[in-house]
Amino acid sequence: MKIIICGKGGCGKSTTAALLAKAYQREGRNVLVVDSDESNYGLYRQLGLDLPEDFTHYFGGKKGAYRVFDDKGYVFDEKWNISDIPREFLTGDGNLHLMAIGKIAEAEEGCACGMGFTAKMLLDNLETGENDVVIVDTEAGVEHFGRGLDRFADVILMVIDPSYESIRLSEKVYDMAQALDKPVYFILNKADAEQAEITKAALRDKEAVVAVVPADQQIMMAGLRGEALDIEIPAINAVMDRIKK
Ligand SMILES: Nc1ncnc2c1ncn2[C@@H]1O[C@H](COP(=O)(O)OP(=O)(O)O)[C@@H](O)[C@H]1O
Ligand SMILES: [Mg+2]
């Protein structure tokens with residue numbers, strides 16, 4: 001199963017990715033987190049792992065996958081399982097693995113399109129078994145939809161913080177998920193009861209709300225200190241239950 005996590009900047013995508021990944025790890029699933037955000041570095045810390053080498057280096061740089069595609073008409077010679085991903089691009093802890101597509105490192109180095117393409121080809125090429133869960137953490141907004149990454153996911157999970165911007169973005173995400181015929185679920189994050197009620201009332205599909213995660217001091221402090229999120233949140237189990245169904 002492949003889950004894509006999306007939402008506006010700062011809404012809690014990476015936090016949700018880490019909490020979900022750790023919860024699936026506790027369940028004994030074989031978990032791969034794919035960091036496809038080309039700007040932010042927090043996720044590996046939230047997972048308590050080392051920063052993996054950029055996967056774009058597998059192709060010799062961020063434009064490499066384009067060159068391979070232009071030459072051969074495809075990017076990977078064969079389908080990969082999680083265990084086929086070259087070890088040098090993975091960090092991990094037991095049944096939890098992390099890979100990062102690539103980060104923008106220098107001023108004026110050019111756009112992140114090559115990274116988006118690499119992420120899309122990788123996700124398309126990955127085959128998941130019964131026990132595998134791939135969680136893709138994305139950059140803010142909906143560019144990954146534009147790039148076509150979401151086509152290769154089984155579930156789209158949108159994190160919504162209590163803001164007008166998130167509510168508006170949720171309409172776009174909902175419509176694009178529908179157009180791709182993918183199930184979409186919403187997590188209301190950093191919301192108290194009143195904020196959750198107002199947000200939910202404004203959403204296109206209230207049934208798509210699978211969990212409400214309140215603003216939590218422990219999450220916030222871990223985020224500030226760059227510490228691993230070794231916190232069990234009941235709402236995350238509700239998300240897993242709904243996805244399982
Ligand atoms: N439920 C929550 N309670 C408190 N702080 C949160 C919560 N969710 C996220 N945060 C904090 O909000 C900030 C942004 O979260 P992050 O997951 O990095 O967002 P995104 O990946 O969407 O940009 C981080 O400092 C994180 O610790
Ligand atoms: Mg993030």
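Predicted model, so just to flag it, every value in this text is computed and none were measured. Atoms within each ligand, like the ligands themselves, are counted from 1 in listed order.
- Cluster annotation: Val209 is connected to Ile156 through the hydrophobic network of ILVMFWY side chains, with a link wherever side-chain heavy atoms come within less than 4.5 Å.
- Scanning all heavy atoms of the two residues, the minimum distance from Lys103 to Tyr41 falls at CB-OH, 3.2 Å.
- Taking every heavy atom of Val213 and a limit of under 4.0 angstrom, the matching atoms of ligand 1 come to 1 (N).
- For the pair Gly12 and ligand 1, the shortest N or O to N or O distance falls below 3.5 Å.
- Considering backbone and side-chain atoms together, Ser14 places an N or O closer than 3.5 Å to an N or O of ligand 1.
- With hydrogens left out, the protein atom closest to atom 13 (C) of ligand 1 is Lys190 NZ, 3.8 Å, a heavy atom.
- At a heavy-atom distance under 4.0 Å, no atom of Ala222 approaches ligand 1.
- The CG atom of Leu98 sits 9.5 Å away from atom CG of Asp50, with the distance rounded to the nearest 0.5 Å.
- With hydrogens left out, the protein atom closest to atom 7 (C) of ligand 1 is Ile219 CG2, 3.5 Å, a heavy atom.
- Going from atom CG of Leu188 over to atom CE of Met158 covers 10.0 Å, rounded to the nearest 0.5 Å.
- Going from atom CZ of Arg147 over to atom OG of Ser36 covers 8.5 Å, rounded to the nearest 0.5 Å.
- Nearest to atom 17 (O) of ligand 1 among the protein's heavy atoms is Thr15 OG1, 2.6 Å.
- Contacts between Asn189 and ligand 1 below 4.0 angstrom, taking non-hydrogen atoms only, involve the side chain exclusively.
- For an aromatic pair to be called close, the ring centres must be under 6.0 Å apart, and Tyr185 with Tyr174 fails this.
- Because the distance cut-off is set at 2.8 Å, Thr15 fails to qualify as a neighbour of the Mg ion (ligand 2), as none of its N, O or S atoms comes that close.
- Proximity of Ala17 to ligand 1 is not established, as no heavy-atom distance is less than 4.0 Å.
- Taking CG of Leu43 as the reference point, atom OG of Ser14 lies at 5.0 Å (rounded to 0.5 Å).
- The shortest non-hydrogen separation linking Gly7 to Leu169 is C-CD2, 3.8 Å.
- The ligand atoms of ligand 1 that sit less than 4.0 angstrom from a heavy atom of Ala215 are 3 (N).
- Between Val75 and Ala65, the shortest heavy-atom distance links the atoms CG2-O, 3.8 Å.
- Taking a 4.0 Å cut-off on heavy atoms, Cys11 registers as neighbouring ligand 1.
- Taking the ring axis of Phe152 as reference, the NZ or CZ atom of Lys2 does not stay both within 45° of it and closer than 6.0 Å to the ring centre.
- In this structure, atom 24 (C) of ligand 1 has no protein heavy-atom contact shorter than 4.0 Å.
- Taking distance alone, with nitrogen or oxygen atoms compared against 3.5 Å, Asp216 approaches ligand 1 more closely than that limit.
- Annotation: the span from Leu229 atom CG to Lys22 atom NZ amounts to 8.0 Å, rounded to 0.5 Å.
- Ligand 1 lies within reach of Gly10, whose nearest heavy atom is under 4.0 Å from it.
- Taking 4.0 Å as the cut-off, Ala140 does not count as a neighbour of ligand 1 on heavy-atom distance.
- Every atom of ligand 1 is numbered from 1 in the order shown, and the set under 4.0 Å from a heavy atom of Met220 is 4 (C), 5 (N).
- Close N/O approach between Leu224 and ligand 1 is not found [any backbone or side-chain N/O within under 3.5 Å].
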